[in-house]
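Structure first, commentary second.
Per chain, numbering begins at 1; letters A, B, ... match sequence-line order. These numbers come from the heavy atoms of this one structure, side chains and all, not from hydrogens, waters or symmetry mates.
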Amino acid sequence: MRVRIDSEKCQGHGRCYDLAPELFGDDEEGFGQVLGDGKVTPDTENQARLAVANCPERAIELIEES
Amino acid sequence: MAVDERFARDFEDSAEEQVLGTRNEIITGPVSDWSTDFSHLEPEWAADPYPIQDDLRQRCPIAHTDRFGGGWLPVRYEDVAAVAYDTDRFSSRSIIMGNFRPPRDIAPIGGSPPISSDPPFHHDARKLLLPAFTKTAVTRQEPATRAYCHALIDAFDGQDVVDAAADYAQHIPMRVIADMMGFPPEDGPQFRRFVENTLEGVNLQPEERIERMQALFEYILDQVHDHLDNPRDDLTTYLINAELYGSKLTADHVTGAMVLLLIAGIDTSWSAIGSSLWHLAKTPADRERLMADRGLLPTAMEEFLRAYAPVTMARLVKDDMHWHGVDMKADDWILLSFPAANRDPAQFDRAAEVVIDREVNRHAAFGLGIHRCLGSHLARMELRVALEVWLDRIPEFSLADPGAVTWSAGQIRGPRTLPLRIG
Ligand code: HEM
Ligand code: SF4
């Protein structure tokens with residue numbers, strides 16, 4: 001699984017980089033950014049789901065990879 | 001010393017343009033029916049708006065009023081979100097619902113960019129400010145904020161009962177924003193008056209409001225001149241030098257943005273800190289749980305922001321239209337209640353309860369869409385530090401007199417008198 005941010009929807013609330021600092025960071029204007037390739041490991045899966053569920057703009061997606 | 005023509009003293013006169021626009025009859029007094037005659041300025045709403053909103057959500061769900069020249073109050077999350085996202089149909093030309101509508105041609109810039117701005121100008125005005133308010137940037141204010149919170153508690157020395165709203169919560173955001181703007185820290189009490197006038201003086205007579213606004217603009221202009229003489233590393237100097245579309249900002253833009261930053265950050269954070277302490281003072285089980293598990297604080301804080309969201313905004317309808325079942329007229333107000341959205345059972349389980357370990361909390365306390373609170377990272381830092389220091393220093397506290405707690409009326413809601421027993 002990978003996380004993805006829809007930059008059209010993201011408004012920089014920062015819930016993702018608060019709740020899942022291993023997966024997300026902020027850019028110089030505070031918008032959310034996926035760190036690295038965004039791969040979710042068993043260790044970060046819970047964080048990823050929290051970020052998805054708490055983003056006020058519904059801007060984060062969890063993409064299943066085959 | 002360079003002379004900056006933009007801020008010549010006669011620029012002040014332009015504040016009189018404020019007189020243009022439309023005014024309506026001021027109607028006050030008890031509300032007959034909240035679905036047809038609502039008013040966010042009546043004492044009943046200030047004391048406890050949630051039962052009113054819950055009732056409207058079931059039977060209405062978009063309430064109307066003839067007060068303030070006509071307006072609407074959506075109370076479902078879905079409707080509030082739809083208004084916030086629809087900047088084509090709803091304008092931010094004025095975001096304080098009252099008896100005065102600024103002229104239409106003030107859009108898309110408005111009096112205090114970016115909060116008063118519509119697309120496309122909004123994006124550019126906001127972009128100027130974003131870097132100063134990122135989570136990383138505001139972390140620089142944290143040590144001074146923490147030290148200041150300690151100093152406020154040191155000053156309680158020996159008292160058994162303190163007013164946590166007036167003697168603690170209020171001062172924290174004032175000091176932080178004064179530091180960031182580069183205003184003298186001792187000017188805090190003046191800010192209090194400015195905020196009151198802007199946000200709570202909505203039903204005053206127009207002459208009085210204008211006079212009071214003028215005092216605020218004079219203060220801001222004094223600060224601009226002080227910074228022109230002594231430029232320094234703060235937001236005021238930054239705004240004076242900032243450029244947009246290849247030239248310096250207009251004087252109106254600079255002073256409007258300064259007024260916004262001063263006003264938007266004070267009542268709001270003050271309210272959030274106060275409401276959180278009020279909740280903990282009256283709910284010993286939550287207070288004890290938080291003391292035992294301090295790691296829960298970030299989650300609890302989001303729940304306080306959801307359940308006691310301090311900020312309600314407003315919009316103006318652009319054109320006559322049928323919208324979500326009602327007939328809106330051009331220039332009708334929308335009272336955009338993020339607090340009501342945050343208590344919609346269709347969006348939140350146990351919406352009416354405060355659940356301090358609520359993990360899924362997609363609340364809208366800082367707004368939704370392009371106007372997302374620019375200061376949200378700063379506000380969260382202030383709230384977290386204020387609560388951490390309070391809990392470290394005063395683990396045991398309770399409401400000294402529940403009946404003595406008072407709440408602000410209008411669009412920013414929080415405790416203004418909060419006597420807590422701490423000894
Ligand atoms: C808990 C405290 C706070 C809450 C709940 C809050 C809430 C909000 C909300 C709901 C909006 C959206 C306005 C709209 O949709 O029209 C907003 C905008 C704004 N807030 Fe805050 N705010 C808080 C603290 C602050 C602080 C500390 C600052 C710092 C100066 C600040 C500055 C602003 C600004 C400049 C805007 C306008 C952004 C734009 O239009 O792009 N706020 N705030
Ligand atoms: S929580 Fe959502 S809106 Fe906020 S920064 Fe992350 S992706 Fe963007």
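Of the residues considered (B:L130, B:T299, B:T136), B:L130 shows the highest number of contacts with chain A, using heavy-atom pairs under 4.5 Å. In terms of non-hydrogen atom pairs under 4.5 Å with chain A, the most contact-rich of B:A364, B:A132, B:G369, B:S376 is B:G369.
The residues A:D18 and B:K135 are annotated as salt-bridged, a charged nitrogen and a carboxylate oxygen being separated by less than 4.0 angstrom. A salt bridge does not link B:D86 to B:R315: none of the charged side-chain nitrogens sits closer than 4.0 Å to a carboxylate oxygen. For the pair B:E302 and B:R380, the salt-bridge criterion is met [side-chain N within less than 4.0 Å of a carboxylate O].
With hydrogens and angles left out, the side-chain atoms of B:T268 and B:S271 include no donor and acceptor closer than 3.5 Å. Between the side chains of B:E382 and B:S269, at least one donor N or O sits under 3.5 Å from an acceptor N or O.
For B:I370, the parts lying under 4.5 angstrom from a heavy atom of chain A are both the backbone and the side chain. Of the two parts of A:D26, only the side chain, counted from C-beta on, holds a non-hydrogen atom closer than 4.5 Å to a non-hydrogen atom of chain B. Interface residue B:Y85: only side-chain heavy atoms are found under 4.5 Å from chain A. Only the side chain of A:R15 comes within less than 4.5 Å of a heavy atom in chain B; its backbone stays farther off. Contact of A:E57 with chain B is made through backbone and side chain together, with heavy-atom distances under 4.5 Å. Looking at B:H363, the atoms closer than 4.5 Å to chain A (heavy atoms on both sides) all sit in the backbone: N, CA, C or O.
Using a 30° and 60° split on the angle between ring planes, B:H279 and B:F304 fall in the tilted class, from 30° to 60°.
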